[in-house]
**Q** 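Sharing a structure, written as structure tokens. Questions coming.
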Amino acid sequence: MATVRSLALQETLEVERVIDHLKGTDDGPTVVFFGGIHGNEPAGVFALKQVFGEIRESHLPIRGEVYGLAGNLGALQNGTRYQKEDLNRIWFPNRIDGISLESSNGYDEELELQNLYALLREIIKNGKPPFYFLDLHTTSSDSSPFMVMNDSLLNRKFASQYPLPVILGIEEYLHGALLSYINELGYVSLGFESGQHDDERAIENSVNFVQYSLGLTQSIALSERRMAALKWAISRAATAPHKFYEIYHQHDIGPDGHFKMFPGFVNFQVVAKGRSLAMVDGVELKTTKKRQIFMPLYQKQGSEGFYFIKPVPRFLLWLSKQLRQFKVDHLLVCLPGVAWRSKEKDTLVVDQKVARFFAKSVFHLLGYRARQFDTTHLVVKSRERASKSEEYRNTPWFKP
């Protein structure tokens with residue numbers, strides 16, 4: 001159990017790993033919400049506690065099962081992003097296997113992961129499809145609410161139901177994330193960033209997001225009027241337009257690096273050429289051309305200083321859908337220096353001499369993201385092969 005404090009509300013909560021669990025009829029989905037994967041982001045925990053409490057008080061019928069899970073209990077207790085290492089950067093299959101075998105000798109975050117992993121396995125084993133995994137976060141800077149996801153057509157289709165900006169390509173830069181691990185299992189998995197850590201509006205935005213998601217997945221029956229009101233509230237909170245954006249640059253902070261973001265930057269802000277962004281190891285970092293900034297770091301813990309993003313044109317979204325549906329990527333192995341790395345045909349090994357003739361955007365269109373570099377080869381992986389789209393085919397949001 002952890003005592004979680006909200007500076008926004010000046011309140012505390014006592015929460016277990018399972019914040020709450022609602023089970024209804026057998027003809028519904030399994031929906032899992034995460035809150036507090038980072039311990040300095042309590043808004044999701046408070047929002048889940050509120051929504052589950054309101055459902056219980058109102059005796060609303062439930063279809064399927066709904067879980068609210070607390071992430072890093074130790075960090076939530078301390079009010080810090082993490083204890084020894086970022087819980088949202090260690091979800092690698094080999095790391096998980098090692099933790100499972102050596103549970104008694106693990107670090108704090110490894111024990112948190114072990115508990116979460118065991119719970120996830122149980123939910124997937126005993127729950128009924130379709131499965132939805134939704135992770136609630138907040139940001140260190142002031143921000144318009146937005147969604148972030150691994151770029152699969154299944155995730156895109158579900159994310160399109162929300163009136164929010166959607167960020168693609170995070171998996172190419174942020175490795176070992178919980179949602180990336182779940183997405184590789186083939187399920188819908190999305191992150192929602194509701195606002196600044198200690199802003200009361202971040203809790204309100206999370207409450208609206210959770211309620212709308214429960215209606216969208218048909219876990220609870222909400223009237224068209226109620227769904228429209230929730231959609232309007234979510235849309236009103238988002239100051240950035242409802243578009244798909246792609247990350248194309250991440251500023252890494254080394255283990256011994258000194259980084260300080262200059263004040264005043266917010267998500268989705270367009271920054272002019274020559275603007276000073278941060279002090280990096282005593283040197284002032286400036287933009288070399290006009291940029292759109294994303295996730296500027298205004299907290300002590302964290303290894304990503306900021307990102308640059310750009311809108312994805314609708315034509316490219318349509319084109320990538322067509323190319324992926326017709327499996328055009330299979331033609332790439334006809335080229336010299338390109339070969340399948342896995343039996344599942346979801347990973348390509350590309351000779352760097354060949355890769356230099358391809359813009360990254362070509363691989364992105366085909367659904368591939370760079371996962372590993374070495375001196376001679378580029379390894380790219382697709383999410384499309386793993387997607388369990390058939391499990392979602394009869395849902396209202398999936399149908400054309």
Side-chain angles (χ1 to χ4, degrees), residues 1-8 12-13 15-19 33-48 68-96 98-100 102-120 133 135-141 143 148 170-171 173-182 189 191-198 202 206 250-261 295-307:
M1 178 177 287
T3 301
V4 186
R5 179 170 180 78
S6 167
L7 294 178
T12 59
L13 285 177
V15 295
E16 303 277 1
R17 177 76 64 198
V18 179
I19 298 171
F33 294 97
F34 301 96
I37 293 295
H38 292 135
N40 61 337
E41 302 176 18
V45 174
F46 276 79
L48 290 171
L69 305 183
N72 197 332
L73 289 175
L76 282 166
Q77 176 79 33
N78 299 332
T80 56
R81 181 178 173 88
Y82 52 83
Q83 300 168 86
K84 293 187 176 180
E85 58 184 330
D86 196 325
L87 179 59
N88 208 32
R89 302 292 186 274
I90 59 175
W91 288 83
F92 300 102
N94 59 343
R95 183 82 183 265
I96 293 170
I99 293 170
S100 299
E102 302 176 6
S103 59
S104 60
N105 298 320
Y107 293 107
D108 294 337
E109 268 72 29
E110 289 186 336
L111 296 176
E112 300 277 2
L113 183 147
Q114 184 187 47
N115 292 329
L116 273 172
Y117 176 68
L119 189 52
L120 284 175
F133 296 90
D135 193 7
L136 307 178
H137 284 269
T138 51
T139 56
S140 61
S141 65
S143 177
V148 61
I170 191 70
E171 69 270 31
Y173 298 92
L174 193 158
H175 298 168
L178 168 62
L179 291 184
S180 291
Y181 174 79
I182 293 173
S189 54
F192 173 63
E193 303 272 359
S194 62
Q196 199 274 338
H197 297 327
D198 301 319
S206 293
Q250 172 183 284
H251 180 83
D252 293 310
I253 304 172
D256 300 317
H258 297 281
F259 176 90
K260 185 174 179 59
M261 196 83 195
M295 297 285 280
L297 183 69
Y298 288 109
Q299 59 191 17
K300 292 183 179 180
Q301 292 178 309
S303 59
E304 301 90 25
F306 57 84
Y307 298 88

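When a residue number appears, it is its place in the shown sequence, counting from 1. Note that the coordinates shown come from a computational prediction; the quantities given were computed from them, not determined experimentally.
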**Q** Sequence neighbours excluded, which residues qualify as salt bridge (charged side-chain N to carboxylate O under 4.0 Å, His left out) partners of Glu16?
**A**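 Partners of Glu16 by the salt bridge (charged side-chain N to carboxylate O under 4.0 Å, His left out) criterion come out as none, since no residue qualifies.
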**Q** Could you work out, with salt bridge (charged side-chain N to carboxylate O under 4.0 Å, His left out) as the rule, every residue matching Glu109, not counting sequence neighbours?
**A**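 If we apply the salt bridge (charged side-chain N to carboxylate O under 4.0 Å, His left out) test to Glu109, skipping adjacent residues, there are no hits.
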**Q** Within the side chain of Gln250, is there an N or O that forms a donor-acceptor pair under 3.5 Å with the backbone of Asp252?
**A**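 No, because the side chain of Gln250 does not come within donor-acceptor range (under 3.5 Å) of the backbone of Asp252.
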**Q** Do Leu13 and Ile19 have side chains that approach each other closer than 4.5 Å (heavy atoms only, starting at C-beta)?
**A** no
**Q** In chain order, what residues pass the salt bridge (charged side-chain N to carboxylate O under 4.0 Å, His left out) check against Glu112, with sequence neighbours excluded?
**A**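 Applying salt bridge (charged side-chain N to carboxylate O under 4.0 Å, His left out) to Glu112 gives Arg17.
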**Q** Do Ile170 and Tyr307 touch side chain to side chain, with heavy atoms closer than 4.5 Å?
**A**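 Yes, close enough: below the 4.5 Å cut-off.
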**Q** Determine whether a donor-acceptor pair (N or O, by modelled atom type, separation under 3.5 Å) exists between the side chain of Ser180 and the backbone of Gly176.
**A**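 Looks like no, no N/O pair under 3.5 Å.
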**Q** Mind checking what makes salt bridge (charged side-chain N to carboxylate O under 4.0 Å, His left out) contact with Arg5, not counting sequence neighbours?
**A** none
**Q** For residues 34-46, run the donor-acceptor check on the side chains, cut-off 3.5 Å, and write out each pair with its distance to 0.1 Å, sequence neighbours left out.
**A**
residue, atom, partner, partner atom, Å
His38, ND1, Glu41, OE2, 3.1
His38, NE2, Arg81, NH2, 3.4
His38, NE2, Asp86, OD1, 2.8
His38, NE2, Asp86, OD2, 3.3
Asn40, ND2, Gln299, OE1, 3.0
Glu41, OE1, His137, ND1, 2.9
Glu41, OE1, Thr138, N, 3.0

**Q** Cut-off 3.5 Å, side chains only: do Asn72 and Gln83 have a donor facing an acceptor?
**A**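 On atom types as modelled, these side chains qualify, holding a pair under 3.5 Å.
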**Q** Just how far is it from atom CZ of Phe306 to atom NE2 of His251, taken to the nearest 0.5 Å?
**A**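 Those atoms lie 5.5 Å apart.
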**Q** Gln77: what forms a side chain to side chain contact (heavy atoms under 4.5 Å, CB included) with it, not counting sequence neighbours?
**A**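 Here the qualifying residues are Ala2, Thr3.
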**Q** Main chain of Gly195, side chain of Ser143: is a donor-acceptor contact present, judged purely on distance under 3.5 Å?
**A**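 A pair under 3.5 Å: no.
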